[in-house]
> 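Provided herewith is a single structure, encoded as structure tokens, for subsequent inquiry.
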Amino acid sequence: MQEYIVSARKYRPMTFDTVVGQSSLTTTLKNAIATDKLAHAYLFCGPRGVGKTTCARIFAKTINCLSPKENGESCGECESCRAFDQGRSMNIHELDAASNNGVDDIRELNTQVQIPPQIGKYKVFIIDEVHMLTTAAFNAFLKTLEEPPSYVIFILATTEKHKILPTILSRCQVYDFSRMSVENTIAHLRNVAQQEGYTTEDEALQLIAEKADGGMRDALSIFDQMVSFTSGNLTYEKVCASLNVLSTEYYFKLVDYFLSQDVPSCMLLFNEVLNKGFEGGNFIAGLASHMRQLLVAKDTATLPLLEVSERTRERYCEQAKKCDTKFIYRAIKLCNECDQSYRQSHNKRLQVEICLIQCAQITAGDDISGSGRCPEKILKPIFSLAMQSQLASPRNVVQVQKPIQQTTNTETKEITRASIPTANPVASAVVPKMKLRNLGPSIKLSTTQQASHTTIQETRSLSNEDKPFTQEKLTFEWHTYVERLPIERRAMAMRMKNMMPKLINDTTFEIVANNEQIAQYLQNMKEGILKSLRQNLMNSQIQMLIRIAEIQEVQHISSKPALYQKMVEKNKNLQKLTELLKLEIC
Ligand SMILES: [Zn+2]
């Protein structure tokens with residue numbers, strides 16, 4: 001039986017040109033060799049499995065080649081090259097600092113350093129994971145690193161550059177190896193598959209490349225696993241199942257459900273995913289990255305960021321066309337929020353389901369309001385509509401507000417009220433305990449209650465228990481009323497906030513409007529305003545006069561200098577202060 005060699009070893013590059021994904025770096029090394037400008041020490045940094053050791057070996061082999069090629073590569077045929085290829089060269093020493101990090105190991109290495117090479121020009125010492133050396137070992141090594149014999153070259157490799165001491169960094173030429181791109185990994189895997197006679201789908205290789213996360217060695221070992229699992233036929237579905245990766249198919253379907261506001265299908269799909277043994281948190285993270293891919297696919301400028309196979313790219317572009325950018329933003333935000341609260345949540349499944357429901361309602365918001373806002377905002381117009389209808393019919397306001405007057409009034413009032421025959425005695429008995437005005441105007445009372453209140457109102461006007469109130473209380477209640485105006489009246493509310501109701505006798509106050517239009521608005525609102533004030537100030541005699549401001553009254557607030565003049569008229573000291581501090585009014 002033929003010996004099985006793992007792909008990572010079998011397809012380990014033997015020349016600089018066959019190293020995948022590090023072309024600029026290998027070119028620099030080749031040039032250094034060609035021009036004979038070799039340093040004594042190199043530091044190769046980068047994530048695991050990106051070719052650091054491989055490059056170090058190729059480098060050692062190339063500088064020792066007896067008849068190097070013109071392009072800077074080794075010949076692969078001379079005695080030295082063959083010794084390297086067969087792993088019996090005495091010119092290369094590898095030390096894994098992760099397991100040999102003691103002083104004794106370094107002493108051993110120092111001894112080796114003293115022996116010149118038998119064949120070839122250089123002895124190359126590769127120290128892998130050099131950051132793992134102990135301090136003692138490191139100090140023992142430092143001397144040799146500083147002044148090695150002319151035939152010695154050190155190649156230090158590390159995955160954690162930040163752990164390398166400055167004393168080492170300053171003595172080495174540093175090369176940063178980059179993570180493998182998904183594209184490069186796929187191309188290499190495809191190449192290996194072709195040589196081995198396996199059939200592969202690009203999407204399957206894509207999955208492997210993504211799982212390997214930039215490491216070629218990892219990618220090749222996953223690839224080997226998949227080959228044995230699928231008997232050399234690497235389809236997307238099989239690889240998905242084997243790697244326990246959730247197929248992107250689910251996410252494509254899910255987004256379609258979102259767009260058609262199909263909440264039940266979303267829930268069923270999530271249930272299916274859970275039944276397959278996937279975790280909700282990962283599912284949401286996957287959904288977030290799917291939405292990100294859609295966002296990237298939406299714009300031709302960002303399309304290159306989409307590291308996927310051609311067929312998948314087309315699918316993303318196709319789905320992205322159906323999605324509004326706002327929808328994508330909003331969905332990403334929802335996924336992100338869900339992801340953040342997921343770990344703390346006691347009901348994780350519900351957490352994900354809420355997120356899915358919200359996503360499915362994003363486009364529903366478009367249909368109703370055309371604003372593309374979040375689902376909870378859809379509720380607002382409905383709520384304010386209810387408020388509007390109540391304001392439009394003042395009778396309702398009366399019905400809601402009248403009982404409160406009763407609640408806050410004296411006991412004698414209570415008695416009067418209790419003596420009135422009502423259709424619903426229970427309701428009238430209960431109502432006084434509640435402060436309805438705190439609950440807002442959307443509360444509707446039953447018709448029986450309304451009937452009883454109307455009766456109460458009549459009795460109330462008969463009673464003569466109006467309470468006196470101060471300017472201060474009036475101002476306070478005015479502002480309370482303004483604060484409670486619905487959102488559509490925001491502009492008017494802003495104006496009213498700046499108006500000051502002025503008490504001109506015990507029960508009548510004056511309000512000054514800047515112009516006729518505002519006066520008309522106020523006139524329209526008068527009934528509602530008075531109902532509120534009469535009720536809250538407990539005085540049924542309150543009257544409101546609306547006056548249009550005199551021209552100079554309006555002018556004095558039209559500009560800041562004018563306002564300043566007005567203030568100076570009232571207080572001359574202000575002018576002194578302005579002059580003293582050399583202030584300018586602009
Ligand atoms: Zn050679």
Side-chain angles (χ1 to χ4, degrees), residues 368-371 373 377-402 437 440-444 469-537 539-570 585-586:
I368 292 173
S369 62
S371 64
R373 292 276 179 81
K377 297 225 170 119
I378 301 163
L379 299 175
K380 278 199 174 162
I382 299 169
F383 182 65
S384 49
L385 274 176
M387 289 177 81
Q388 233 172 354
S389 69
Q390 296 227 336
L391 281 170
S393 92
R395 264 192 64 235
N396 277 351
V397 180
V398 181
Q399 283 148 16
V400 176
Q401 292 174 344
K402 279 303 160 193
R437 75 183 159 115
S442 65
I443 297 163
K444 284 183 181 163
F469 59 93
T470 60
Q471 168 73 51
E472 201 183 1
K473 276 188 178 171
L474 172 69
T475 313
F476 177 78
E477 288 302 337
W478 173 269
H479 283 285
T480 311
Y481 176 80
V482 171
E483 291 292 334
R484 277 194 271 137
L485 281 176
I487 202 146
E488 314 83 48
R489 299 208 171 177
R490 189 185 273 158
M492 192 56 197
M494 290 298 284
R495 284 208 178 87
M496 287 171 72
K497 240 184 205 175
N498 292 325
M499 292 176 190
M500 184 67 83
K502 197 177 163 196
L503 206 53
I504 46 179
N505 64 32
D506 283 352
T507 52
T508 308
F509 71 91
E510 183 194 63
I511 196 86
V512 182
N514 275 358
N515 57 47
E516 232 170 277
Q517 198 190 2
I518 293 170
Q520 188 56 50
Y521 273 127
L522 284 170
Q523 186 61 45
N524 294 343
M525 293 169 77
K526 188 173 177 179
E527 200 173 351
I529 296 171
L530 283 179
K531 294 285 179 204
S532 169
L533 293 177
R534 283 174 184 170
Q535 171 210 313
N536 294 328
L537 292 169
N539 191 318
S540 61
Q541 308 302 319
I542 300 176
Q543 294 299 329
M544 175 168 106
L545 295 179
I546 302 166
R547 181 167 68 82
I548 297 172
E550 305 288 318
I551 292 167
Q552 64 262 42
E553 271 182 293
V554 180
Q555 269 177 347
H556 77 92
I557 49 161
S558 63
S559 69
K560 281 182 185 170
L563 180 66
Y564 171 71
Q565 275 310 322
K566 195 84 186 168
M567 286 162 81
V568 169
E569 276 170 34
K570 283 192 180 168
I585 311 293
C586 52

> In the structure I gave you, are the side-chain heavy atoms of Thr475 and Met500 within less than 4.5 Å of one another anywhere?
yes
> Working to the nearest 0.5 angstrom, can you tell me the gap between Leu485 CG and Ile529 CD1?
8.0 Å
> Just wondering, do Phe509 and Leu545 contact through their side chains at under 4.5 Å, heavy atoms?
no
> Test: side chain to side chain donor-acceptor pair (under 3.5 Å). Region: residues 498-507. Which pairs qualify, not counting sequence neighbours?
Asn505-Thr508
> Evaluate the criterion side chain to side chain contact (heavy atoms under 4.5 Å, CB included) for residue pair Ile511 and Arg547; output intermediate values, then yes/no.
CA-CA 6 Å; Ile511 196 86; Arg547 181 167 68 82; over 6 Å; no
> Under the side chain to side chain contact (heavy atoms under 4.5 Å, CB included) criterion, do Leu503 and Phe469 qualify, and how do the steps go?
CA-CA 10 Å; Leu503 206 53; Phe469 59 93; 3.6 Å; yes
> In sequence, state the C-alpha distance, the side-chain angles, and the governing distance for Asn536 and Thr480, and then conclude on side chain to side chain contact (heavy atoms under 4.5 Å, CB included).
CA-CA 10 Å; Asn536 294 328; Thr480 311; 5.6 Å; no
> Do Glu483 and Lys497 have side chains that approach each other closer than 4.5 Å (heavy atoms only, starting at C-beta)?
yes
> Going by side chain to side chain contact (heavy atoms under 4.5 Å, CB included), name the residues that satisfy it together with Gln517, two or more places apart in sequence or in a different chain.
Asn515, Tyr521
> Measuring only between side-chain heavy atoms, which start at C-beta, is Trp478 closer than 4.5 Å to Met544?
yes
> Glu472 versus Leu474: any side-chain heavy-atom pair under 4.5 Å?
no
> With the side chain counted from C-beta on, respond yes when Ile546 and Gln523 share a heavy-atom pair under 4.5 Å apart, and no when they do not.
yes
> Taking C-beta and beyond as the side chain, do Lys526 and Lys531 meet within less than 4.5 Å on heavy atoms?
no
> For a 4.5 angstrom cut-off between non-hydrogen side-chain atoms, does Met496 reach His479?
no
> Could you tell me whether the side chain of Arg534 and the main chain of Ile542 form a donor-acceptor pair under 3.5 Å?
yes
